[in-house]
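Let me begin by presenting the structure, written as structure tokens, before commenting on it.
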Amino acid sequence: MPKLTFLPHEAICPDGLSIEADKDESILDAALRNKISIEHACEKSCACTTCHVIVREGFDSLAEAEENEEDYLDKAWGLEPESRLSCQALVGDADLTIEIPKYTINMVSEEH
């Protein structure tokens, strides 16, 4: 089973956490199953950017993002070349290191 290492995030995962994921499971589903509460306002339908993550290691093992995901990523806060929507990024065979951005577009607009 691939290992997903989540880097520390002040509110969601203060100490960071390493979990196991099933191949072809979304990063978001693996996180939620392990009580890492990544926001997902559109209920995993690829219709927002709240589940945006940055894959710091293992990015090339993921299948390429589809056009719809790319369109939404363009709107994400803190977009980087290794950004993905965690509801759409399916785990492959490689271990991943994942950073959850400090803010989502929802948090910024609600002045958190």
Side-chain angles (χ1 to χ4, degrees):
M1 292 182 114
K3 181 174 79 168
L4 307 185
T5 301
F6 287 87
L7 299 175
H9 180 282
E10 183 178 313
I12 297 171
C13 190
D15 297 321
L17 189 63
S18 290
I19 63 173
E20 290 187 347
D22 295 323
K23 185 175 178 184
D24 297 326
E25 179 177 27
S26 74
I27 292 172
L28 179 59
D29 284 339
L32 295 174
R33 185 169 42 79
N34 286 277
K35 302 192 181 359
I36 301 171
S37 300
I38 296 174
E39 187 176 3
H40 52 288
C42 72
E43 296 302 319
K44 307 183 225 176
S45 66
C46 194
C48 71
T49 64
T50 59
C51 71
H52 168 229
V53 296
I54 303 163
V55 182
R56 294 291 182 202
E57 293 179 17
F59 180 83
D60 292 335
S61 70
L62 301 172
E64 287 190 35
E66 293 186 7
E67 186 175 346
N68 190 38
E69 180 183 357
E70 291 284 354
D71 289 344
Y72 277 102
L73 278 170
D74 287 341
K75 302 171 188 173
W77 183 90
L79 183 67
E80 294 193 19
E82 295 81 22
S83 289
R84 291 295 303 265
L85 297 181
S86 62
C87 70
Q88 300 300 302
L90 302 181
V91 176
D93 292 320
D95 294 343
L96 304 174
T97 300
I98 300 160
E99 179 180 348
I100 302 167
K102 185 174 182 177
Y103 300 110
T104 67
I105 200 164
N106 283 2
M107 293 172 101
V108 172
S109 67
E110 294 172 4
E111 298 181 28
H112 286 259

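Both backbone and side-chain heavy atoms feed into the values below; hydrogens, waters and symmetry mates do not.
The line from NE2 of His52 to NZ of Lys75 is 14.0 Å long, rounded to the nearest 0.5 Å. Separation of atoms CG (Asp60) and CD (Glu82) is listed at 8.5 Å; rounding is to 0.5 Å. Taking OG of Ser37 as the start and CG of Leu28 as the end, the distance is 10.0 Å to the nearest 0.5 Å. Taking CD1 of Ile12 as the start and CD of Glu39 as the end, the distance is 8.0 Å to the nearest 0.5 Å.
Closest heavy-atom contact between Pro14 and Pro8: O-CB, 3.4 Å. Contact record, Cys87 with Cys51: N-SG, 3.3 Å, taken as the closest heavy-atom pair. When all heavy atoms of Ala94 and Pro2 are compared, the pair lying nearest together is O-CB, 3.6 Å. For Tyr72 against Thr49, the heavy-atom pair with the smallest separation is O-CG2, 2.9 Å. Residues Gly78 and Ser83 come closest through the heavy atom pair O-OG, 4.3 Å. Nearest heavy-atom pair across Ala30 and Ala21 is CB-CB, 3.8 Å.
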Test side-chain contact (heavy atoms from CB on, under 4.5 Å) applied to Asn68 and Gln88, step by step:
CA-CA 10 Å; Asn68 190 38; Gln88 300 300 302; over 6 Å; no
With side-chain contact (heavy atoms from CB on, under 4.5 Å) as the test, would you mind laying out the steps for Glu57 and Asp95 before giving the verdict?
CA-CA 8 Å; Glu57 293 179 17; Asp95 294 343; over 6 Å; no
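Within the 4.5 Å cutoff, the side chain of Thr50 has no heavy atoms near those of the Cys42 side chain. Proximity of Ile36 to Ile38: side-chain heavy atoms (C-beta onward) are separated by under 4.5 Å at one or more points. Using a 4.5 Å cut-off on side-chain heavy atoms (C-beta onward), Leu85 and Cys46 make contact. Side-chain contact check for Asn34 versus Leu4: every heavy-atom pair is 4.5 Å or farther apart. You'll find the side chain of Val91 stays beyond 4.5 Å of the side chain of Asp22, heavy atoms only. Residues Met1 and Glu25 fail the side-chain proximity criterion, which asks for heavy atoms closer than 4.5 Å.
With hydrogens and angles ignored, the 3.5 Å screen pairs no side-chain donor or acceptor of His9 with any backbone N or O of Glu99.
Ile27 and Ile54 end up in different hydrophobic clusters when Ile, Leu, Val, Met, Phe, Trp and Tyr side chains are linked at under 4.5 Å. Residues Ile98 and Phe59 are members of one and the same hydrophobic cluster, defined by side-chain heavy-atom contacts under 4.5 angstrom among Ile, Leu, Val, Met, Phe, Trp and Tyr. In this structure, Ile19 is a member of the same hydrophobic cluster as Leu32, with clusters built from ILVMFWY side-chain heavy atoms closer than 4.5 Å.
Remark: Glu69 engages Arg84 in a salt bridge, criterion side-chain N to carboxylate O under 4.0 Å.
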